[in-house]
4 protein chains.
Amino acid sequence: MSEEERLVEQLFAGEKLTDKQKKIILAAIESFSEKGYSATSTSEIAKKAGVAEGTIFRHYKTKKELLLSIIGPFMTKLIAPYIVKDFHKVLDQKYDHVEDFLRATMENRRNVVKRLLPVIKILLQEIPFHPELREQFLNHIAKDTFDRVTKLIKSYQEKGQIIDIPPASVARLAVTSLLGFLFSRYVLFPELEWDDEAEAERTIQFILHGLGKTE
Amino acid sequence: MSEEERLVEQLFAGEKLTDKQKKIILAAIESFSEKGYSATSTSEIAKKAGVAEGTIFRHYKTKKELLLSIIGPFMTKLIAPYIVKDFHKVLDQKYDHVEDFLRATMENRRNVVKRLLPVIKILLQEIPFHPELREQFLNHIAKDTFDRVTKLIKSYQEKGQIIDIPPASVARLAVTSLLGFLFSRYVLFPELEWDDEAEAERTIQFILHGLGKTE
Amino acid sequence: MSEEERLVEQLFAGEKLTDKQKKIILAAIESFSEKGYSATSTSEIAKKAGVAEGTIFRHYKTKKELLLSIIGPFMTKLIAPYIVKDFHKVLDQKYDHVEDFLRATMENRRNVVKRLLPVIKILLQEIPFHPELREQFLNHIAKDTFDRVTKLIKSYQEKGQIIDIPPASVARLAVTSLLGFLFSRYVLFPELEWDDEAEAERTIQFILHGLGKTE
Amino acid sequence: MSEEERLVEQLFAGEKLTDKQKKIILAAIESFSEKGYSATSTSEIAKKAGVAEGTIFRHYKTKKELLLSIIGPFMTKLIAPYIVKDFHKVLDQKYDHVEDFLRATMENRRNVVKRLLPVIKILLQEIPFHPELREQFLNHIAKDTFDRVTKLIKSYQEKGQIIDIPPASVARLAVTSLLGFLFSRYVLFPELEWDDEAEAERTIQFILHGLGKTE
DNA sequence: TATGAATGAGCGTTCATTCAT
DNA sequence: AATGAATGAACGCTCATTCAT
C-alpha cells in the first residue's frame, strides 16, 4: 500500500469506498494539487484514475462535490484531531513549556505534513474562492478547537511564558509562521536547496521569541 | 480618476495604453483576483471591461499573456522599487533600529498594500502553477534586492539588533509574518472584525522579538 | 441503405462505427467535397450529420484527424485493391492486349468512380496542402502497386504493344489522361452536356495510340 | 526587379497600382498558392505584404475580390493572349505540322509556366468552389479562343494530321495531358527527381501519337 | 456499480471587415 | 492612401454532466 493510499484510507476511514472511488480521490488530489481545481478537468481525473468519465459522477454529483469530499474529511478527521490530541497532552501537563509543545508539534508533524501537503495546497488555493470551504474551516477547525486553544494559550500566558495579547492573535502569528515555512519550502520554492532541520528549528525559535516575554 | 485607474496608470507608466486596454486590465485584475485565473473566462473580462472579446486578443496574444502583463510590471515597477526605496533610507542611517524600519515599512505600506491587494492575491494564487512567474519573481524581486537585503540584515546583525542566522532565513521569517497578517486579514477572513492598528503593531512586535537578541 | 452509406460501410469495413460516427463521416465527405476542407466548419458537419458538435471530437481528436480518417481507408481499402485486383487478371494473362485491359478498367470503374467521386475530389484538393497525405499516397498506392505496374507495363512493352519509355512515365501519362477525363467531366464542368460513352472511348483510344508503337 | 514582381507588372499592366497594392498581390499569390484560399487569412497576407490589415480592404472590398482580382487578369491577359498569339502564327501557316506547334508551345511555355505556376495552382484549386471563376474561365478562355481552337484543330484534321473527333475532345485530351504533366511535376510530387526535358518530350510524343492518324 | 457515447454550453482564439484618425 | 484599434460572429475544441446500456 503506497503512501498516498494510506492517506486516503485515513481520510475516509469508516466510509466504504469502492476501489474505483479510491482511485478517483487519489487522482483528484494529485491533479487539484498540481494544477488547481479550476484548471483540472474531470476527464483528466478519470484518465489518471483509470475509470470511465461517468464513474466520477456516479459517486459525486458535481466536480465541486468531489473537491469538498476531499477537503471536508481532511478538516474534520485530520487537522482537528491532530491538534486536539496534543492539546490533551498539554492540558494534562505533559508539556510544561510552550517550547516543548511547539517542538513536539513540529517534530511529530513533519512527516504527517509532508504527506498531507497536496491536500493542504488544495485547501490554501481554493479557500479564497469557495465561501463554503471558509465556513467549514471556521466551523471545524476554529470553533471545535478555539476554546481549547484559547484555554491553552491562556494557561501559558498565566504561567508568564507568552505575552499578553489576544489568544486569537497568538494563534494567528504562530500558525502563519509555521505555514509560512511550509509554504515557502514546498510550494513557492521547492526547487531551492533547504536545510530542513535548521529552518524548522529557526522557525520554532522565531515563534518562541516572538511570543515570549522579554524581561 | 478612480483608485484602480491610478494603480493601472502606475503599473503601466511609460507604456502607451489605449482606453480599451486600460479597461481590459482593470477588469482582468478584478476578475482574476476574485475568482482566480483559471476560473475567469475571457468573455467575462470582455463584458466587464465593456469591450468586444476580440479586442482582448488584439492586445494580448493569449489569456496567459494578459496575466503576465499584469504581474510582470507589478513585480518590476511596484514591489522592487518600494522595497529598494526604503533600503536607501536605512542604509543612509535613517533608521538606527530595526523597529523603526519595520514600523515605517508597515505604516507606509498599509495604503499601498490595500491598493495592491488584488494583484498580490493574483500573484499568490498563481505562482504555484506558473513556473515562469516563479522565475520572474526570483529574478526581479529576489535577485534585484537580495544583496541589499542581505547587507541590511547583516548591518543590523553587526549592531547586535537581530540574531545571527542566515539573512535568507531572517527575510523569510519577517516576510511571511507580514504577508501572513495581510493574507489572514484580507484574503482568508475579510468578514471577521479586525482591529487593524493593534494587529499590525502585534505583528511588528512579534517579528521584532522573534528576531531580536534575547539576553 | 443509400449509395453513400454503402460507400462508408465499404471504407470502414471491420471498424466498429457507431451510428452517429457514420453520419459524421457521410456529412464530412459531402461537405469537404463540396466546399473544400478549409472552408468547411465542424459545426456545419455536425449540423448536417444531426449530431452535437462535441460528438465529432469524441471520435476524432481534431478536424484534420477526421479528414485523414476518410482519406486513409480510401487509399488503403479502395484504390489499391481495385487496381491490384485487375492486375491479377492481367498478369494471369486474362488480357492479351493493353486495349482490353484499359477498356476493362474504364468499364468496371465508371460506376465505382462515380461513387467514389466525392472522396477523390477531396483527395485531389487536399493533397497539395498536406504532406502527410502525399506521403500516405506514395506509400499506399505507389509503393504497394509500383512493382506490379512496372512489371505489367514491362510485359506489354516486351510484347511490343507499348513504347519503350520508363514505366513510370507510361503510368503517369495513362493515369493523368484518365483522371483528366474524370476531372473535366465531374469537377470542372459538370454542368456541360457530355456524351460519356463516346468521351470514355476517345480517352481510351487516345491513351492507346499515345502509348502504342507506331510502325 | 524580381521574377514575381515582373509577373505582377505583366498581370496588371495598364492598371495603376500603388506600391502597397503590388505587395498585397504578391503576398496573396504566394499564400493562396501555398495554403489555399480558404486557409489563408487576410491578416497573414497583410503581414507578409508589410501593410496594415485595413489597407487590403481599402483596395479590395472583400477577400474574394482580392482572389478574383488576381485570377481575372491572369485569365484575360496571360492565358488567352499566349494561346491566341501562337494561333496566329499557326493560322498564318507558320507551323505546318501539329508537332511543330505542340513543341513550340511546350518550349515557349516552360519558363512562362514556371513563373505562372503559383497562379495556375490557385486557379486549379479554387475553380471547383467558385462558380464565377468557372464562368470567367469559360468566357475568357473558352469562348474567346474556342472558335480559333476549333478552326485550328479542324485545319489539322483536314490536313489529315489528327483524328476526326470533336475538336472539343481533342482540346481536352491535349490540355489535360499537358496540365497533367505540370501538375504531377510541380504540385503533386515536386520532391521527386524529374528529367524535365525527357518528360516534356515524352508528353509531346504521347499527345502526338494519341491524336495522330494511325494508318 | 460501471461504462463511455452523447450532449450543448462555453472555452480561448481567429476571422473578415469597419472606421476614426 | 494608409493605418491599426475595434468589432462580433464564427472558429476548432473542451467542458462538466447525463443517460442508455
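Nothing here was measured: the structure is a model prediction, and the numbers come from that model. For the numbers below, each heavy atom of this structure counts, side chains included, while hydrogens, waters and symmetry mates do not. Labels below follow one simple rule: chain letters A, B, ... track the order of the sequence lines, proteins then strands, and each chain is numbered from 1.
- A:Thr40 comes within contact range of the sugar-phosphate backbone alone, with a heavy-atom separation under 4.0 Å but no base atom that close.
- Between C:Thr42 and C:Glu53, the side chains place a donor N or O and an acceptor N or O closer than 3.5 Å (distance only, hydrogens not considered).
- Remark: P of E:dG4 and NZ of C:Lys16 are 13 Å apart, rounded to the nearest angstrom.
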Please list each protein N or O that sits under 3.5 Å from an N or O in nucleotides 2-6 of chain F, with the distance.
| from | atom 1 | to | atom 2 | distance (Å) |
| --- | --- | --- | --- | --- |
| F:dA2 | OP2 | D:Thr18 | OG1 | 3.3 |
| F:dA2 | OP2 | D:His59 | NE2 | 2.9 |
| F:dA2 | N7 | D:Arg58 | NE | 2.9 |
| F:dT3 | OP1 | D:Lys20 | NZ | 2.9 |
| F:dT3 | OP2 | D:Ala52 | N | 3.3 |
| F:dT3 | OP2 | D:Thr55 | OG1 | 2.5 |
| F:dG4 | N7 | D:Gly54 | N | 3.3 |
| F:dA6 | OP2 | B:Thr18 | OG1 | 3.4 |
| F:dA6 | OP2 | B:His59 | NE2 | 2.7 |
| F:dA6 | N7 | B:Arg58 | NE | 2.9 |
| F:dA6 | N6 | B:Arg58 | NH2 | 3.3 |

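- Within the 4.5 Å cutoff, no side-chain heavy atoms of A:Ile71 are placed close to those of A:Ile127.
- Proximity of C:Ser41 to the phosphate of F:dA10: no side-chain N or O atom is located under 4.0 Å from OP1 or OP2.
- The distance from atom NZ of D:Lys47 to atom C1' of E:dC15 is 13 Å, rounded to the nearest whole Å.
- Applying a 4.0 Å cut-off to non-hydrogen atoms, the residues of residues 63-74 of chain C that approach DNA chain F are C:Lys63, listed by residue number.
- In this structure, the side chain of A:Thr40 engages the main chain of A:Ser31 through a donor-acceptor pair within 3.5 Å.
- C:Ser43 has a side-chain polar atom (N or O) that falls below the 4.0 Å cut-off from OP1 or OP2 of F:dC11.
- Taking B:Thr18 as the reference, nothing meets the side chain to side chain donor-acceptor pair (under 3.5 Å) condition, with sequence neighbours excluded.
- Annotation: side chain of C:Leu123 is in contact with side chain of C:Met75 (closest heavy-atom distance under 4.5 Å).
- D:Glu126 is linked by a side chain to side chain donor-acceptor pair (under 3.5 Å) to D:His130, counting only residues two or more places apart in sequence or in another chain.
- For the pair D:Thr62 and D:Glu65, the minimum side-chain heavy-atom distance is below 4.5 Å.
- Taking atom CD of residue C:Glu44 and atom P of nucleotide F:dC13, one finds them 15 Å apart after rounding to whole Å.
- You'll find the side chain of D:Leu7 reaches within 4.5 Å of the side chain of D:Val119, heavy atoms only.
- Both tests hold for A:Lys63 against A:Tyr37: distance to the six-membered ring centre under 6.0 Å, angle to the ring axis within 45°.
- Counting heavy atoms from C-beta on, the side chains of B:Glu132 and B:Lys64 come closer than 4.5 Å.
- Residue A:Lys61 contributes atom NZ, which lies 11 Å from atom P of F:dT17 at whole-angstrom precision.
- OP1 or OP2 of E:dG12 has not a single side-chain nitrogen or oxygen of B:Thr62 nearer than 4.0 Å.
- Under the side chain to side chain donor-acceptor pair (under 3.5 Å) criterion, B:Lys22 pairs with no residue, sequence neighbours left out.
- When the P atom of F:dA20 is taken as reference, atom CZ of A:Phe57 falls 17 Å away, rounded to whole Å.
- Closest to the side chain of B:Thr42, from the set F:dC11, E:dG12, F:dC13, is E:dG12.
- Between D:Leu124 and D:Ile120, the closest side-chain pair of non-hydrogen atoms falls below 4.5 Å.
- Straight-line distance from the CD1 atom of A:Ile45 to the P atom of F:dT14: 17 Å, rounded to whole Å.
- Nucleotide E:dT3 holds its C1' atom 14 Å from the NZ atom of A:Lys23, rounded to whole Å.
- Atom OH of B:Tyr37 is separated from atom C1' of E:dC11 by 12 Å (rounded to the nearest Å).
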* To do: Using a 3.5 Å limit on both pairing distances, list the dot-bracket string of DNA chain E from the 5' end; Watson-Crick and G-U wobble pairs count, crossing pairs take [ ], interstrand pairs take |.
  => .||||||||||||||||||||
